[in-house]
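One structure is given below, encoded as structure tokens.
All values derive from a computational prediction rather than experimental measurement. Proteins get letters first, then strands, A, B, ... in listed order; numbering begins at 1 in each.
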Protein chains: 2
Amino acid sequence: MRIGELAARTGVSVRSLRYYEEQGLLTSTRSAGGQRHYTDAEVERVAFIQHLYAAGLSSRTIVELLPCVDSPSHDNSDAAMERMAQERDRLSAHIEKLQHTRDALDALMAANQAHRDTPRANCSAMAASFV
Amino acid sequence: MRIGELAARTGVSVRSLRYYEEQGLLTSTRSAGGQRHYTDAEVERVAFIQHLYAAGLSSRTIVELLPCVDSPSHDNSDAAMERMAQERDRLSAHIEKLQHTRDALDALMAANQAHRDTPRANCSAMAASFV
DNA sequence: CTTGCCTCTCACATGAATGTCAGCTTTTAG
DNA sequence: CTAAAAGCTGACATTCATGTGAGAGGCAAG
């Protein structure tokens, strides 16, 4: 398929797909006229990339992990494994912080709700729960 | 305290603190000479702001929620409550996606580990778990 | 062949938060 | 009082993923 179709299937813009290739995240074969062609497998790969982006990994980091996905071997696995473990831990820490923040938002909402019933509730105190 | 001390206490750069003020997230009193002065309460407030930033809220969004924290009243609570509920839900969805991504990273690592033991394991298949 | 749609490259723009530099003023320590 | 340290404003730079537009070429249908 050509780039337009891949874009339509993945919901990622044509511009971004070309950017991914530029960053080494995606490869394509070229037609005689120079147009990019992709296989169905690339749809999955783009989804994969999107998930990692959503997890806060930069293209630079993703490109370090991809060799393991593409061709698992000892040479690249050593570096990639360490990187993955590192990113996994960062992700775990991030998730915990987000949960904490969500809890605080909940508390803030509850405090506001309380204020409606009892005008003397103090929302500001909630800010303390963030520290 | 002056801006340098607030920066030191919060770990946020002086530049950022001035930016927060510019965005309406933070206020300060000024000395006769024009220098910003803060109370201890601002330390908490900056931490609060940082948490919301980390949760992916933009300064524009944060500024919408702050009135509720500052002076809870019906006028602003209606809008702010809705905004908070909305952001809370967005945050929940994001957390779930991150957990999913973390699981996938774990699977990828496990597959690589398996490859070390049994060279025929296929890491690429793991990408499918993202879709 | 021609028309219309898709694609190509190159390059500049955007937004958000922050960095950095310059030139000047305020505050503090000795 | 004087010098060092810290602050002020204003403006331009940076990073990253993406948007956007220009100008040219590819490719399938009529």
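- Minimum atom distance to the side chain of A:Tyr53 is reached by D:dA17, of the listed C:dC8, D:dG7, D:dA17.
- With rounding to whole Å, A:Ile49 atom CD1 is found 11 Å from D:dA17 atom P.
- The minimum heavy-atom distance between B:Ser28 and B:Tyr38, with the atom names listed, is CB-CE2, 3.5 Å.
- When distances run from any side-chain atom of A:Arg18 to the nucleotides D:dT18, C:dC8, D:dT9, the shortest one goes to C:dC8.
- In this structure, the CG atom of A:Leu52 is 16 Å from the C1' atom of D:dC16, given to the nearest Å.
- Remark: C1' of C:dT18 and OH of B:Tyr20 are 9 Å apart, rounded to the nearest angstrom.
- Between the side chain of A:Arg15 and the base of D:dT20, at least one donor-acceptor pair of N or O atoms lies under 3.5 Å.
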Exercise for review: Apply side chain to side chain contact (heavy atoms under 4.5 Å, CB included) to the pair A:Arg2 and A:His37, showing each step before the final yes or no.
Suggested key: CA-CA 5 Å; A:Arg2 289 190 296 169; A:His37 283 262; 3.7 Å; yes

Distances under 3.5 Å between protein N/O atoms and the N/O atoms of nucleotides 27-30 of chain D, please, pair by pair.
from, atom 1, to, atom 2, distance (Å)
D:dC27, OP1, A:Ser31, OG, 3.2

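- Sparse packing is recorded around CZ of B:Arg60, with 12 or fewer heavy atoms of other residues, nucleotides or ligands lying under 6.0 Å away.
- Atom OH of B:Tyr38 is separated from atom C1' of D:dG7 by 10 Å (rounded to the nearest Å).
- Applying the 4.0 Å criterion to OP1 and OP2 of D:dT18, one finds that A:Ser16 has a side-chain N or O inside that range.
- Side-chain proximity of A:Tyr19 to D:dG7, D:dC16, C:dA17: nearest is D:dC16.
- Remark: P of D:dT18 and CD of A:Gln23 are 10 Å apart, rounded to the nearest angstrom.
- Neither OP1 nor OP2 of D:dT15 sits under 4.0 Å from any side-chain N or O of A:Ser58.
- Rounded to whole angstrom, the span from the CE atom of B:Met1 across to the P atom of C:dT27 amounts to 17 Å.
- Considering every non-hydrogen atom in both A:Ala55 and B:Thr101, the closest pair reads CB-CG2, 3.7 Å.
- Comment: A:Glu87 engages A:Arg90 in a salt bridge, judged by a side-chain N to carboxylate O separation of less than 4.0 angstrom.
- When the side-chain nitrogen and oxygen atoms of B:Arg36 are compared with OP1 and OP2 of D:dG7, none of them lie within a distance under 4.0 Å.
- To the nearest angstrom, C1' of C:dC5 lies 15 Å from CD1 of A:Ile3.
- A donor-acceptor contact closer than 3.5 angstrom is absent between the side chains of A:Tyr20 and A:Glu42.
- Atom pair B:Arg30:CZ and C:dT27:C1' shows a separation of 15 Å (rounding to whole Å applied).
- Looking at heavy-atom distances under 4.0 Å, B:Arg60 makes no contact with the nucleic acid at all.
- In this structure, B:Glu21 pairs ionically with B:Arg30, as a charged nitrogen and a carboxylate oxygen lie closer than 4.0 Å.
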